[in-house]
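Index from 1, following the sequence.
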Amino acid sequence: MPWREVSVMGERQEFVRLALEEGVNRRELCRRFGISPDIGYKWLARWKAGDRELLDRSRRPHVSPRQSSAAMEAAVLAVRDTHPAWGARKIARFLERQGQQSPAPSTVHAILKRHERIMPPPRGARATQRFEKAAPNLLWQMDFKGWVRLDNATPCHPLTMIDDHSRYVPGLAACGNQQEATVRGHLERTFRRYGTLFSPTTGPPGAVLGASIWTKLGIWLLKLGVGLLHSRPYHPQSRGKNERFHRTLKAEVFDFSRFSDLPAVQRPFDAWRELYNPVS
C-alpha cells in the first residue's frame, strides 16, 4: 500500500477512534482535523458498517446510462476489424448505410480507443490545422500510386483522384502505364460522369502531367476550362489527402490479395470505391 494511503488511513482511523469516545464534541473534533462535519459523519458511518480502512472510493457511477450497448460496441469493432484503416467517421457512416443505428463519431472513436483499436502515430506531431476547399468539385488531388507488379509480371499503376473537400473518390483506375493517352481516357470517362468543374492538383513532376502544363494532356485540360496546379517536388504534405488515400488503398486492397492482371485489379477497385465513398 502506498505511503500516502497509509497516512490517510491512519489519520481517518484516529479521527474515528476519538469521535467514538464518550462525551466528545464531534463538531469541534472535525474542526481540529480540518474536515467538514458531513465528512466526519460519513467516516463514522463507514466505520460502523465495517469499513476499517476508510480509503477514498471511486467516484465512477455504478451505472452509466449513456454508455454504448454491448451490441453497438460489437458492431463498431466488427467494422473496424474488417476495415482496419477506417476511422470513426467512416465507421459511423457505414453503419448508417447498413441501416443500423450508429453513435456519434466521437463515441465510435471512444469505443475504438477503449478496445485498443487506435494506436498513437509512429512518428511526428499530429497536424493542428486542416486545409480543404469550401465545397466539392473545386479541387481534386490526382496522382499515380506507386506501381505494383502483378502475377503475370506486368506493372499496375493505380491512378487515383480524390475531392479535396468531401474526400469523395471520383476515379480509381488500374493502368498499365502512365502515358498521356491512358490518363486522358480515364479522365474523359470521369468527366462524363462528374463534370469538369475542378482544378486538379497533380503529383510530382512527370507523374501525371509533367513538369509543365504545356503538355498535350495539360493543353487539353486547359481547353476544357480546367485549371492546373502542381504540387511542390518532394513535398508530399501538399497532397496529403491523396497520400493518405494511397495508404488506405494499400492496406485494404493490395495487402490482402494478389492479382493476376489489370482487369483482376479493376474489379475490386470498383467495388472498394463504392464502399469507400461517403454517403450523405
Side-chain angles (χ1 to χ4, degrees), residues 1-132 167 244 247-248 251 278-280:
M1 183 180 298
W3 69 269
R4 174 60 183 166
E5 291 186 0
V6 173
S7 176
V8 169
M9 181 177 65
E11 181 180 6
R12 295 176 181 180
Q13 290 173 339
E14 178 67 16
F15 169 83
V16 170
R17 283 194 292 268
L18 293 175
L20 290 175
E21 291 184 1
E22 187 176 353
V24 69
N25 187 329
R26 290 178 176 174
R27 287 186 174 271
E28 175 62 21
L29 187 62
C30 290
R31 186 185 66 79
R32 292 182 181 181
F33 274 77
I35 61 175
S36 69
D38 289 342
I39 295 295
Y41 285 108
K42 182 181 71 173
W43 290 350
L44 282 170
R46 287 176 55 184
W47 181 272
K48 293 177 180 178
D51 182 358
R52 294 296 186 262
E53 294 186 348
L54 300 177
L55 294 176
D56 289 332
R57 292 175 172 174
S58 172
R59 296 186 180 182
R60 182 176 180 178
H62 296 292
V63 178
S64 181
R66 300 183 65 181
Q67 184 174 356
S68 303
S69 66
M72 177 56 67
E73 293 200 1
V76 169
L77 296 176
V79 175
R80 174 71 175 197
D81 291 342
T82 304
H83 304 281
W86 285 11
R89 288 186 299 173
K90 189 71 178 180
I91 292 174
R93 285 198 298 266
F94 178 81
L95 291 174
E96 292 173 355
R97 187 177 181 179
Q98 299 298 311
Q100 301 184 49
Q101 184 178 2
S102 172
S106 59
T107 302
V108 174
H109 181 84
I111 293 172
L112 297 175
K113 187 174 181 180
R114 184 163 58 249
H115 291 274
E116 300 181 348
R117 296 305 199 277
I118 294 180
M119 308 303 288
R123 64 184 185 275
R126 184 177 180 179
T128 57
Q129 291 182 314
R130 294 184 63 187
F131 302 93
E132 62 182 31
R167 310 291 182 93
R244 180 66 181 86
R247 293 198 300 271
T248 302
V279 178
S280 59

- Does the side chain of Arg117 reach to within under 4.5 Å of the side chain of Asp81, using non-hydrogen atoms? yes

- Task: Quick one: pull up NZ in Lys113 and CD1 in Ile111 and give me the separation to the nearest 0.5 Å.
- Result: 13.5 Å

- Message: Would you say that Arg17 contacts Glu21 through its side chain, given a criterion of any heavy-atom pair below 4.5 Å between the two side chains?
- Response: no

- Heavy-atom check, side chain of Tyr41 versus side chain of Arg26, under 4.5 Å: yes

- Flag the pair Ile39 / Phe33 as yes when at least one side-chain heavy-atom distance between them is below 4.5 Å, and no otherwise. no

- Task: Rounded to the nearest 0.5 Å, what's the gap from SG on Cys30 to CG on Leu18? Could you check?
- Result: 11.0 Å

- Between Phe94 and Ser102, is any pair of side-chain heavy atoms under 4.5 Å apart? no

- Item | Contact check, side chains of Leu95 and Gln98, non-hydrogen atoms, under 4.5 Å | no

- Inter- and intrachain pairs under salt bridge (Lys or Arg N to Asp or Glu O under 4.0 Å), touching residues 28-45, at least two apart: Glu28-Arg31, Glu28-Arg32

- Spacing of CD belonging to Glu116 relative to CG belonging to Leu77, to within rounding of 0.5 Å: 11.5 Å

- Item | Minimal non-hydrogen separation, Ala88 against Pro105, with atom names | CB-O, 3.2 Å

- Query: To the nearest 0.5 Å, how far apart are CD1 in Ile35 and CH2 in Trp43?
  - Reply: 4.0 Å

- Task: Using side-chain hydrogen bond (donor to acceptor under 3.5 Å, both in side chains) as the criterion, list what pairs up with Thr248, not counting sequence neighbours.
- Result: Arg244

- Give the minimum heavy-atom separation between Leu44 and Ala19, together with the two atoms involved. CD2-CB, 3.8 Å

- Query: Can you name the residues that form a side-chain contact (heavy atoms from CB on, under 4.5 Å) with Ala251, not counting sequence neighbours?
  - Reply: Ala85, Asp255

- Task: With the side chain counted from C-beta on, respond yes when Arg80 and His115 share a heavy-atom pair under 4.5 Å apart, and no when they do not.
- Result: no

- Message: Within the supplied structure, the quantity of interest is the number of heavy atoms (other residues, nucleotides, ligands) at a distance under 6.0 Å from Gln101 CD; does it exceed 12?
- Response: no

